[in-house]
Every structure is written in structure tokens, then in C-alpha cells.
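Letters A, B, ... mirror the listed sequences (proteins, then strands); counts begin at 1.
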Protein chains: 2
Amino acid sequence: MSIEGKTVESNVHKISCPDCRLSELCLPYGLQQKEVQQLATIVKSKRPIHSNEYLYLQGDACLNLYAVKSGSFRSFITDDDGSEQTIGFYLPGELMGLDALQHGRSTCTIIALETSTVCELPLSRLNELCSQIPNLQHQMMRVLGKEITSDHDKIIMLSHRTAKEKIATFLLLLSRRYAGLGFSSTEFNLTMSRQDIANFLGLSNETVSRQFTELNKDGVITVKQRGIQINNMASLKGIVKPCLPDDQLSFIA
Amino acid sequence: MSIEGKTVESNVHKISCPDCRLSELCLPYGLQQKEVQQLATIVKSKRPIHSNEYLYLQGDACLNLYAVKSGSFRSFITDDDGSEQTIGFYLPGELMGLDALQHGRSTCTIIALETSTVCELPLSRLNELCSQIPNLQHQMMRVLGKEITSDHDKIIMLSHRTAKEKIATFLLLLSRRYAGLGFSSTEFNLTMSRQDIANFLGLSNETVSRQFTELNKDGVITVKQRGIQINNMASLKGIVKPCLPDDQLSFIA
DNA sequence: CGTACAATTGAGAATCCTCAAGAGCAGTGG
DNA sequence: CCACTGCTCTTGAGGATTCTCAATTGTACG
């Protein structure tokens, strides 16, 4: 899934902040036009990153933040024995590299799930700008707060005990993120494999597959490979919170 | 468990940043003496909070950060049907309220697990100071980065499939945090109930209890109610990573 | 069209949850 | 000082869920 249509895909990485359709979701949010232009001067556009290419590796010195411009990414931590644990997925407008803020060294590896583009923001320049532009500092705090609450959502998702609850929560969180991007909240394509989802949720890929099949049979969603269509949003929310089927999830809402 | 001995307990909340033994773990880290004093001027000391008292409630307007000075806290999110999900536990030197940075409204409730003290930092004043003191802004970024990597540790813990792996990871993460505070990494008291741990890990409290009993029988740890003694650190790490029993965990290390 | 990879489906085994009862500990009041 | 109460924690047994192993189907790509 791509944020831009096929025809302009090749030029996405050349668009600068003032013209970027994601600016309202990204760091420029809340900034005045002049301030956005200032921010744009420190942003480096990068060449497109292809599927299965790495953005950076765990342990790399990482002195930049990366904003997803188009496409999607998966982040994971590798243990000493080589086993991977997926930490999360990144969609357009979201910032990667925040985990390196502590020691200037990345704690995870980030890999592209499809051909994607990013903006690179050198942390040193960004910190300088934050001192000069109070709005930018506020926005940085908001973005960091969003990352933290987003991690809390993941913790809640993983703490749910049954596989069906985890899958339902996973789909609802994705749905909300796509809606925030201006896409359909009920119809989207998964850019990650069943294996990725299983690893992320602490399940076997067979269980993930079976849960999709069951939700499909029950008519709650329609699954066609990686294409997902949510037919009954209330039912999906009801799976997570059986007591109040039609109510809004506090952390989904 | 308390960071201060019984005799000085009642005065902990009066100690200011320049004299606080936690300053190296908290916001003053990396600041010059003069800057620490500046920071101290915006810190409000609060009266001690007793066991089961709330620091703040989910949904409250929250325009402060809170640093744990002594004692410990539990944070949780309440669903519409009243069910709780524990998000994490806070020990001395750790910052609470970061989840409210996004919208100025807390997304979780925080409750004291024992008699505890906190420092209150108004966000507006803190932001001003950050603009004036580059070192403080850097430290804020480090602290936020730490919070994010700490959340990633939780995600890894929860993604582990078996109950024994979750419990082992939980104990290792706690051990590391106590060590960072200058306490023993092999002997400490849990300040939270089995129920709290179970809820946090997405397990039933019976399973938590059984896992403790098994680890006790195997001699890996000694459990006496809430008192924990780690007898074989390598074995505990081996449970999390069966392939390399004596190796260091990348995310624990 | 064939190969490689991803996804699905099935069956048996292991793990964990639920329900239920018993044990240990702290605080209260006689 | 001791019994009582309430709470937490532990232990047991049966049932449900999920994992593992294995085979099959489906899809993408050269």
C-alpha cells in the first residue's frame, strides 16, 4: 500500500515539507509557514528504499530521525541467538529512530515492507531548531507522547489473553491509523506477512491464519490474502470488550 | 521497599534536587550545578502518598511530570466495562506523566503500591527551562528515549509465549532496575501483588504463583511471599533464551 | 510452466485458564 | 494472648486454547 498513486510514486521523495500532504500529521503540525520552511532546510530527502532493504541496523550509531513519507516499515530486535522480535510497524507520517534518543544508538533494526520513502532529520540540527522555535519543541513533545501512548496500546494488545482478542485489537489499531491518514478505516491492505503479525503478537502464524479464517467465516471481516475488509466494526470491537459490544474502546477511540 | 531508611523516610519529600541522591538517575543528570539549582526552583515537593492512593486518574488534565522520589507506583488503563490493564510499575528516579505529553490529558491512572513520595514538575515551566538550558533539553530527550526503549522491553516480555519466559523476563528487568538504583540485583522485595503481576503479564494469578513455585523448586530463585532472591542468574536468563544459557540478553544487558 | 515462498488446514500434544478448596499472614477485638 | 476475619497466595483437577509438526493449497515471479 502506498500513500501516493503509481504515477507520482517516483517523485514522492523530492517533495519538501511545505508541499507535503503529510505535514499535518508529522513534525510541521502547528508550525507557522515560515517555521515549516526553516524545518524543511534541515530535512534531507533520501532515495527510495526497496522492499526488504534496511533503514538502519540494531546497534548502529543513529543521529537522525526518519519520517515515513510513503510505504511502510517493520522494526524488530534481534537476540544473540538470532531470533527476531517485531516491535512495531510504521506508516506514513510516523517517526522512526526515537528509540535511539537515549544513547544515540539504535536499539532495533528497521526494514522496509515495500518500496518506501523517508525524510532524514539530523538530531543535532533538530535540537537547535527546537530551542529557537517553541512551537517545534511543543510538537516534538506531542510526537514523543504519541509514541509512548502508542506503545501502551501495543502493551494492552499483547496483554489480552486470547488470540482472537489480539488479532481484533491489531486490526482496530491499524484501522484507526489508516483513518488518520485519510484512508478507509474499513478496507486496507496489510503490508506485512502473517509471520510478521504472528511474531508481533506472540502467536504462531498458524494461529493467526486460523483466526483470520474464523473472522472471515463469521462475516466480521473479509480476508483475501493481504486484503482486509471490516464488515462489522461493532463486532470487532465486541471481541475485545465482550461486555459492551457496541461501545467505543477507550484506547481505540 | 523504600529508597530511604526508616529514620529519614519522613523527610524524603523535603530534599531538593541538588541534595537528592537520585539526581544522577533523574532529570538533573548531565546538568551543571547552577542548572540543577535552576531546575530545583520549579520542582514542587508533595506530601507523601500512601498505599492505594491515586497520584492522578485516567482522563485528568495533567500538566505536570512526576518523578518518583521514594516508594513505587503502578499505572493502569481502565476500560469502559471497568476492567483494568496494568501498563507498568515505577521505581525511584523514574518519570511519570509522559503519556500525557500528547494531549495534556493522562491516559492512565497511577496508584501508589506503598507509601511513596514524588516531585512535581510543571510542564510549562519545564519547557521554558528546556529552551534556556540545552543540557536539560538533551536530558529530556534521553529520558523520553529511555521511556520508549523501556516500553519496547515490555513488548518483548509480553511477546514471549510461555508463562515461564514472561516471569523470567519480568524478574530480570526488575533486577536490572534495582541494580541501577544501587540496590542488590539478586535480592529484592516485590511491591506489587501476584494479581498485579498476572494482570501486567496477561496471565492468571494462579499461573504466576505456579511459575514462582517451580522456579523456587528448581533452585533458580528463592521466593518467600514477596521476597525474591535470584540464586542462579544464568539459569534465569537461559529461560528467556534457551539457546544460549550463559549468554547476556541483548535487551537485558 | 516450474520454482520458491506464503498461507491455509488438520491432528495430536503441551500449555494455560477456570473453578474450587486449602494454607499463610496481618489486623481487629474480645 | 488468642480466636476471628479478610485478604493474598498456593495447590489441585478438568477443560479450553494454542502450539507443534506435517501436508496441502495458493500466489508471485522468473
side-chain contact (heavy atoms from CB on, under 4.5 Å) between A/Met233 and A/Ser175, intermediate numbers included: CA-CA 10 Å; A/Met233 190 66 84; A/Ser175 161; 3.7 Å; yes

Length of the line joining A/Asn52:CG and C/dA6:C1', which is rounded to integer Å: 13 Å

Position toward the 5' end of DNA chain D (nearest nucleotide), B/Arg194 or A/Ser204: B/Arg194

Sugar-phosphate only, base, or nothing, as touched by A/Ser193 at under 4.0 Å among non-hydrogen atoms: sugar-phosphate

First of A/Gln225 and A/Gly202 reached from the 5' end of DNA chain D, by closest nucleotide: A/Gly202

Side-chain heavy atoms of B/Ser72 within contact of B/Met192, under 4.5 Å: no

Quiz item: B/Gln211 side-chain donor-acceptor pair to C/dC16 base, under 3.5 Å: no

Gap between atoms CZ and P, on B/Arg226 and C/dC25 respectively (whole Å): 14 Å

Distance, rounded to the nearest Å, where A/Met192 contributes CE and C/dA7 contributes P: 11 Å

Sugar-phosphate, base or nothing in reach of B/Arg161, heavy atoms under 4.0 Å: sugar-phosphate

Ring geometry between A/Tyr56 and A/Tyr66 (parallel below 30°, tilted from 30 to 60°, perpendicular above 60°): tilted

side-chain contact (heavy atoms from CB on, under 4.5 Å) assessment of A/Ser159 paired with A/Ile155: CA-CA 6 Å; A/Ser159 300; A/Ile155 290 169; 4.1 Å; yes

Separation of C/dT8 C1' from A/Leu190 CG (nearest whole Å): 16 Å

Nearest non-hydrogen partners of A/Leu158 and A/Lys166, listed with the distance: O-CE, 3.5 Å

Spacing between B/His160 atom NE2 and C/dT15 atom C1', to the nearest angstrom: 17 Å

Within-4.5 Å side-chain heavy-atom neighbours: A/Phe212 and A/Val208: yes

Pair B/Phe200 and B/Phe89, ring centroids less than 6.0 Å apart: yes

Positions of residues 212-224 of chain A (non-hydrogen atom under 4.0 Å from DNA chain C), listed by number: A/Thr213

Where chain A begins and ends its contact with DNA chain D, read 5' to 3' at 4.0 Å from heavy atoms: D/dT18 to D/dT27

NZ/NE/NH1/NH2 to OD/OE distance under 4.0 Å, A/Asp153 and A/Arg176: yes

B/Gln195 CD to C/dC17 P, straight-line distance once rounded to whole Å: 12 Å

Whole-Å gap separating P (C/dT18) and CZ (B/Arg210): 11 Å

Can I get a per-line list of side-chain donor-acceptor pairs under 3.5 Å for residues 217-227 of chain A, giving both atom names and the distance, sequence neighbours left out?
| residue | atom | partner | partner atom | Å |
| --- | --- | --- | --- | --- |
| A/Thr222 | OG1 | A/Asn231 | ND2 | 2.8 |
| A/Arg226 | NH1 | A/Thr191 | O | 3.4 |

Distance, rounded to the nearest Å, where B/Lys164 contributes NZ and C/dT15 contributes C1': 12 Å

Sugar-phosphate only, base, or nothing, as touched by B/Glu206 at under 4.0 Å among non-hydrogen atoms: base

